[in-house]
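To keep things clear, I will list the structure first and then write my remarks on it.
Proteins get letters first, then strands, A, B, ... in listed order; numbering begins at 1 in each. No hydrogens, no waters, no symmetry mates; every other heavy atom, side chains included, goes into these values. If you're wondering where the values come from, they're calculated on a predicted model, not measured in any experiment.
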Amino acid sequence: MPLTQDTVEQKPTLVIIFMYTQTWKIYAHLGHFLPLSTARHNVLLYVEDAISQLLEYKDENAKIIHGKFLADYFRSVHKGTHTMFREFEYVRATPHNRSCFIKSVWSCFRHIASHGELLSVKEYHSLLCLLCNDFPLDVVQRTARIVLMDDALDCLMSFVDFLYAFQIQFYYEEFVNACKEAYDHLLMASPTVVVPSTESWTQTKASTTETENVARLNEGVNSQTFFDVMEKTCGKLSQFTKRPSLQHIHSELSKLPKVTFYGLLTALSKNDDINAEIGSLPCHDCMLDGSDVDIILR
Amino acid sequence: MGDRKKSPIEERKQQYKDYLDKTDVTSQVREALLKLIENQPKDPMLFLANYFDNISTSDKSDKITTVHQILQLTHHSQQSFQTNLIVAYDAASLAKNPNSKKASMNRPGLTGSVFEELLATILSNVPKNLHATLLERIGCRASEMVPFDVFRYCITVCYVFVDFVKLCGSIFSVLCGKQSGKVTDKDICEIVISSLKDALDSLQDDNSPCSILEAAYVLRPDKLASSLLSNKSSKTDKSTMNEDDFMKEMIDVFTSKIKVLK
């Protein structure tokens, strides 16, 4: 946890506690295993947030039992109810938070699925803002790109399609961004068709028409090449960044010789194995089973 | 260094710092993190929730509950359980009233009555008929003082026993298989029970790692499978055994190996 000028200004509570308690000294002694175990579970982040919440809460309520407040906070993190009505920065902060938020969206709005209504991007955004008031429109728009295959983006979408695509876009955000970059590079590097003629080779390359570009965009790239590039991309991501397992990505890519980026993402959003890996939503067939009580207790 | 006018941020920081110190939150969080690092639980959030729950009720709780909470921090197979045993023993041995003039009240040490109560708390989830024989062996008289070695042995035995009871329950449901009833073929149960007995009997008294491995070898899956398969006799009236009897017999095998301390 680097103590930069920004950190000091934004999180005074954290700085106070850790400097004052000299916990850093203890951490230094305990060696290498500490960063792994606490980083894997993001313990420090939750402790920081617990203290910040406590300090905010005590300003509004004079009577507060600190032990009980902290116990309730950690219990709500354990149960998964802690992301409701929190700011976007917190919701997005850890994989566990993201997964719990996705689950809350499902449990709160699943009735839309049973009514079969189709909604627009703006309407889905409003719904998400009910649970997280500063949720960015950008994320919802990117989700729409997945559902609608980057086409006719003012189309209406079903709740089920939206939710599974949202899961991929939001839970695997860093992975999706890295893959998009890799895909764009691959697209640029695709060899042009060299037409044998009296013109020189460089001239042929320069005369690639608009239509050829669009055709290439629609066809996508070679699946095997894309998989190799994705493997390399995954290797560069931090060990704590969540990504779908390569085995499932490979099983989707091997279905077609050529694939577009959004085509792949749509396929991943419909893949039940990846859904089970994330563990927030039920399988596609069981989407409408169970009452609300079941969902919250699961 | 002259008196600088503090910026609003610094003043606020100081206010927060003073508040957290005054309300002991700082020290509590520090203790919690240290316990977390020491015990390395699989679910840190649940661990922290239980820890702070215990803190908030600790003024009202008595010695037994505090000691029990310390022992529950980690599983008995973990290294940190040994440390927790020491801390628990010290907590249990605290004199009832250190300021009292009466000699019996201010003498530190773990009394038999406190010890018996603690054992009962640990075994509270196990039905009484099942743990009665165990308590007979490791209990002690109220007037006796309990040294640390005895304390460590008995507490560990209790926790292993609790796990053993759970294991026996799941073995029985496996033996029941697809039958929904709570009874199963008596012969199969007897084979399982006698395999366990043979394994424990073959343990030499010295408890060397070699003899433990040899005993465990007796319980290997293929040997158990072959004994169960060789039982396929065609008796028309197969006697059955229910869960209570099975549990009782398994527990008898377990307790026969426990040293009698009383």
Measure distances from [X] to the heavy atoms of chain A and classify the residue's part below 4.5 Å as side chain, backbone, both or neither.
X        : result
Asp53(B) : both
Tyr19(B) : side chain
Asn50(B) : both

For chain B, the option from Lys68(A), His78(A), His66(A) that forms the most heavy-atom pairs under 4.5 Å
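Heavy-atom pair counts peak at His78(A).
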Does either side chain, that of Thr26(B) or that of Asp21(B), offer a donor lying less than 3.5 Å from an acceptor on the other one?
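Distance-only check passes for Thr26(B) and Asp21(B).
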Going by atom types only, do Gln167(A) and Asn275(A) share a side-chain donor-acceptor pair under 3.5 Å?
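Looking only at side-chain atoms, Asn275(A) and Gln167(A) do form a donor-acceptor pair, the distance falling under 3.5 Å.
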Donor-acceptor contacts, no H, no angles, side chain residues 145-162 of chain B, under 3.5 Å, sequence neighbours left out:
unit_1    : atom_1 : unit_2    : atom_2 : d
Tyr153(B) : OH     : Lys259(B) : N      : 3.2
Thr156(B) : OG1    : Arg152(B) : O      : 2.5
Tyr159(B) : OH     : Gln72(B)  : OE1    : 3.4

Residues that Asp273(A) engages under side-chain hydrogen bond (donor to acceptor under 3.5 Å, both in side chains), provided they are two or more places apart:
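Checked Asp273(A) against side-chain hydrogen bond (donor to acceptor under 3.5 Å, both in side chains); zero matches.
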